[in-house]
Amino acid sequence: MKKIGVLALQGDVREHFFAIENCESIPSEVKRPTDLQNLDGLIIPGGESTTIAKLLRIFDLFEPLQKTLKNGLPVYGSCAGMILLANKIIDGTSDQETLGAIDITVKRNAFGRQVDSFEQELIIPAIDNNPFNAIFIRAPWVEEIGADVQSLADLTTSSGKVHSVLARNKTVLVSSFHPELTGDLRVHRYFIDKIC
Ligand code: GLN
């Protein structure tokens, strides 16, 4: 059984714990640098990216985490987690730091405010051809995507532009939406089985 850490400083940690357990894997809380040892993978949950970034500094986790990811620990970030893993952020706060683990530029709160949150069925061909009910809550989208990054699902916005909302490189998976809120384990299984 794989041991999957969940960064547990803020956000929907519990929901990812349940999803990991339901994927027959072992979840463990990451709050200190030592918690990063002996993991097969890590999840950075949804929440508030500015707050999580500040807490990473306060808990002396920012650099250890960045180094662990550079050394190849597989990581999945949902929503705020996607923002934290991106190389660049549009509409972040002026002092907002990112871990820079995947070559994408993300636009924060890209779909609008909290009231503009929505659900949308997505097809994720890398997983299967059955629609995935994706929940977007004050979500980011991918504005620019690097050469070593593959989009796994796109969404066409009201203005007709296409943006990736699920993407990966070799060790990093990011989603704009929250599979941990749906009970549909396919994205978590993809991460644990194919990337970890
Ligand atoms: N808008 C939030 C942020 O910037 C992310 C929202 C979420 O994780 N649901 O961090």
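Whatever order the structure lists them in is the order used to number ligands and atoms, beginning at 1. These values consider heavy atoms only, across backbone and side chains, with no hydrogens, waters or symmetry-generated copies. From a predicted model like this one, the values you see are computed outputs, not experimental measurements.
Atom 1 (N) of ligand 1 has as its closest protein heavy atom N109 OD1, 2.6 Å. Looking only at protein heavy atoms, the nearest one to atom 7 (C) of ligand 1 is C79 SG, 2.8 Å. Ranking protein heavy atoms by distance to atom 10 (O) of ligand 1, first place goes to S49 N, 2.5 Å.
Using a 30° and 60° split on the angle between ring planes, W141 and H163 fall in the parallel class, below 30°. Ring orientation note: the planes of F118 and F136 are close to parallel, at an angle under 30° on the 30°/60° scale.
Residue contacts with ligand 1, taken as heavy atom pairs separated by less than 4.0 Å, involve I83 solely via side-chain atoms from C-beta onward. Contact annotation for R108 and ligand 1: only side-chain heavy atoms (C-beta onward) come within less than 4.0 Å of the ligand.
Here's the thing with S78: none of its N/O atoms is less than 3.5 angstrom from an N/O atom of ligand 1. Some N or O of I137 is nearer than 3.5 Å to an N or O of ligand 1, by distance alone. Some N or O of G47 is nearer than 3.5 Å to an N or O of ligand 1, by distance alone.
Salt bridge annotation for R189-E24: present, with a cationic side-chain nitrogen under 4.0 angstrom from a carboxylate oxygen. Comment: E48 engages R138 in a salt bridge, judged by a side-chain N to carboxylate O separation of less than 4.0 angstrom.
Partner of Y76 under the side chain to side chain contact (heavy atoms under 4.5 Å, CB included) criterion, chosen from V172, V187, I4: V187. Across L36, I52, T68, a single residue satisfies side chain to side chain contact (heavy atoms under 4.5 Å, CB included) together with L61, and that is L36.
Residue G46 has at least one heavy-atom neighbour below 4.0 Å for each of these atoms of ligand 1: 8 (O).
Side-chain heavy atoms closer than 4.5 Å link hydrophobic residues (I, L, V, M, F, W, Y) into clusters, and following such links, even through other members, never connects V13 to I135.
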